[in-house]
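Data first, discussion second: the structure below is written as structure tokens.
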Amino acid sequence: MDTAKLERITATAWRIPPHDGMHVPGIVYADEYLIADMDDKVCQQVCNVAKLPGIVEASYAMPDAHWGYGFPIGGVAAFDPEAGGVVSAGGVGFDISCGVRTMLTGLPANRVVEVRDTLADALYAEIPVGLGSTGHLHVVGEEMDAMLLGGARWAVEQGYGDAADLERIEERGRMAGAEPATVSDRAKTRQRDEVGTLGSGNHYLEVQQVAEILLPDVAEVFGLREGDAVVTIHCGSRGLGHQIGTEFLREMVETAGEHGIALPDRELACAPIESALGRRYLGAMRAGINCAFANREVIGHLARQVFARVLPEARLDLLFDVSHNTCKEEAHPVAGESAARRLFVHRKGATRAFGAGDPALPEPLRAVGQPVLIGGSMGTASYVLVGTPRDGGHAFRSACHGAGRALSRHAALRRWRGRDIVNDLEQRGIAIRSPSMRGVAEEAPGAYKDIDAVVEVAERAGLARRVARLTPMICVKG
DNA sequence: ATGTTC
């Protein structure tokens with residue numbers, strides 16, 4: 001990216017002054033290396049978001065930001081409904097509530113190494129993965145609506161997962177305000193056999209080891225011990241979220257003019273939060289969040305079943321479950337103001353990162369802050385961070401979500417072959433199981449930014465602090 | 001991300 005038009009405000013933050021109709025500045029969190037590699041289109045998208053009605057404080061991009069549909073992936077933007085603020089389907093993304101959960105085995109990683117291939121095969125056999133994969137459940141009619149209302153709570157009621165998990169999920173496993181009636185029959189039909197499936201793309205289940213502890217006191221509260229094995233699941237709301245996104249995006253494009261909104265890019269289609277369409281989207285999007293909660297809860301249960309057979313001493317207690325693609329109603333002080341405002345915070349490829357003392361956090365996490373789970377690319381490290389207490393002017397208590405793509409899927413396909421990637425990783429002791437060698441090539445580690453650099457910048461920028469670095473042993477890949 | 005172009 002050409003940094004000539006950017007003001008460097010700290011070692012890890014760049015400001016784009018408002019111009020050409022931007023209501024607020026853009027802020028990009030990056031060091032000189034990450035900003036140099038970031039696509040100019042990220043800045044353009046940050047600026048476009050800053051032109052939307054009712055945006056407050058700034059249009060943000062996290063250190064892992066890359067080009068996305070309308071909003072950048074790694075984008076954070078908050079809107080005030082009292083100031084004509086909008087909600088945008090493209091600002092949430094197609095994979096509503098795509099997110100990550102990490103579960104603690106309580107066992108040293110060498111116990112996994114001893115049974116690695118057996119465990120990898122069993123996980124791959126039991127956990128549905130890949131494009132169009134179908135699951136163990138068939139959810140229709142009133143059950144579908146109950147799932148969309150109940151989220152992970154519904155899954156637990158169905159016998160998938162444990163009630164103790166619920167405290168360790170954002171919104172305690174159930175997003176309030178979901179309106180299943182606003183979700184189309186087509187979206188529900190697409191989902192009826194997909195609950196409890198991993199999906200494709202960058203989604204995965206990994207068995208990882210805690211390679212390094214960076215913040216011992218917090219790691220202890222989180223239950224992370226150096227050398228232990230953990231299980232991390234990354235997936236979202238599958239066909240249902242995608243269908244909701246597709247339908248509302250179209251409707252928001254068609255009605256933007258009626259709402260008096262001039263779109264800088266049709267991919268930024270949006271509706272006033274206080275409009276009928278805005279409220280309807282929020283009801284459907286929240287149902288999509290519950291779908292993702294239920295999905296990850298069911299997959300977590302399937303993983304526990306596999307471990308119970310292959311490695312029965314493993315506990316698989318849930319550390320936490322975070323969403324990366326949401327629009328949430330939250331109270332935040334805007335920079336320069338003392339009182340908090342009621343805002344609708346879009347996080348697209350970004351993680352909520354609440355600090356110690358936040359009442360949204362359950363005990364004992366409230367004492368230290370929210371676990372911020374950063375999913376790495378296939379074969380590379382992942383991180384557990386912890387949210388930091390912050391006031392206004394700091395991305396509405398958000399952090400990055402992953403490594404972030406450096407190359408497009410298309411470019412990755414030209415450069416790598418899936419089989420070679422699998423062999424290379426096997427040489428390094430990492431077992432990959434995937435139905436799609438094309439998918440593996442698209443997800444080649446070299447197609448992503450350096451996650452160590454991304455989280456270091458996130459920490460230096462004050463977005464979150466590093467607690468533990470995780471490295472993969474087994475990856476079941478979509 | 002996605003029954004990878006209703």
Side-chain angles (χ1 to χ4, degrees), chain A residues 45 64-75 88-100 128-135 138-140 144 183-205 233-251 253-254 266-267 269 284-285 287-289 291-293 295-296 299 322-327 346-351 375 377-378 401-405 407-414 418 434-443 447-448 476-478:
Chain A
Q45 291 189 319
D64 53 337
H66 56 107
W67 177 82
Y69 187 94
F71 284 57
I73 295 166
S88 169
V92 172
F94 285 91
D95 192 3
I96 295 166
S97 194
C98 177
V100 170
V129 59
L131 191 66
S133 53
T134 55
H138 181 72
V139 184
V140 293
M144 174 61 72
V183 178
S184 71
D185 288 342
R186 178 182 257 181
K188 293 173 181 174
T189 301
R190 281 182 69 170
Q191 192 61 29
R192 66 185 174 191
D193 295 313
E194 292 189 344
V195 176
T197 66
L198 214 43
S200 66
N202 62 358
H203 291 165
Y204 59 77
L205 180 150
I233 293 164
H234 176 207
C235 66
S237 52
R238 305 284 284 113
L240 181 124
H242 190 267
Q243 189 65 30
I244 291 170
T246 302
E247 292 170 5
F248 277 93
L249 196 87
R250 186 188 308 130
E251 204 173 339
V253 170
E254 288 166 356
R266 60 178 274 129
E267 293 185 357
M285 188 268 309
I289 291 177
C291 176
F293 284 167
N295 201 22
R296 290 195 286 272
I299 294 170
V322 298
S323 294
H324 290 159
N325 287 351
T326 55
C327 176
H346 294 67
R347 295 188 181 90
K348 180 185 185 183
T351 315
S377 53
M378 181 179 56
H401 85 305
R405 286 200 84 90
L407 290 178
S408 70
R409 294 185 177 281
H410 193 71
L413 278 177
R414 282 200 304 268
S434 175
S436 168
M437 283 305 112
R438 176 194 170 101
V440 168
E442 289 180 348
E443 293 293 320
Y448 281 81
V476 176
K477 187 77 184 171

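The chains referred to below are lettered A, B, ... by the order of the sequence lines, with proteins before strands, and numbering in each begins at 1.
A:R186 comes within 4.0 angstrom of a nucleotide base, judged by non-hydrogen atoms across all strands. Residue contacts for A:E194: at a heavy-atom cut-off of 4.0 Å it reaches the sugar-phosphate backbone alone, with no base atom in range. No engagement by A:G236 is indicated, since no non-hydrogen atom pair under 4.0 Å with the nucleic acid exists. Nucleic acid contact for A:L131: base, since at least one base atom lies under 4.0 Å from a heavy atom of the residue.
Atom CG in A:D95 sits roughly 6 Å away from atom P in B:dT2 (whole-Å rounding). Whole-Å rounding puts the A:R250 CZ to B:dT2 P distance at 19 Å. Taking atom CG on A:N295 and atom C1' on B:dT2, their separation rounds to 14 Å, with Å as the unit. Atom C1' of nucleotide B:dT2 and atom CD1 of A:I244 are separated by 13 Å, given to the nearest angstrom. Straight-line distance from the CG atom of A:L249 to the P atom of B:dC6: 15 Å, rounded to whole Å. Atoms CD (A:E247) and C1' (B:dC6) sit 11 Å apart, rounded to a whole Å. One interatomic measurement links the two molecules: CZ of A:F248 to C1' of B:dT2, which rounds to 18 Å at whole-angstrom precision. Taking atom CG on A:N325 and atom P on B:dT2, their separation rounds to 11 Å, with Å as the unit.
Qualifying ring-ring contact (aromatic ring centres under 6.0 Å, His included) partners for A:F248, counting only residues two or more places apart in sequence or in other chains: A:Y281.
The ring-ring contact (aromatic ring centres under 6.0 Å, His included) with A:H401 is formed by just one residue from the set A:H234, A:H324, A:H66; it is A:H324.
Note on A:R405 versus A:E443: salt bridge recorded, some NZ/NE/NH1/NH2 to OD/OE distance being below 4.0 Å. Salt-bridge annotation for A:E254 and A:R250: absent, with no side-chain N of the basic residue lying under 4.0 Å from a carboxylate O of the acidic one.
Atoms CG and CD1, on A:L249 and A:I244 in that order, are 13.0 Å from each other to the nearest 0.5 Å.
Under 4.0 angstrom from either OP1 or OP2 of B:dT2 there lies at least one side-chain N or O belonging to A:S200.
Of the residues near DNA chain B, A:R409 and A:E442, the one whose nearest nucleotide (by heavy atom distance) lies more toward the 5' end is A:R409.
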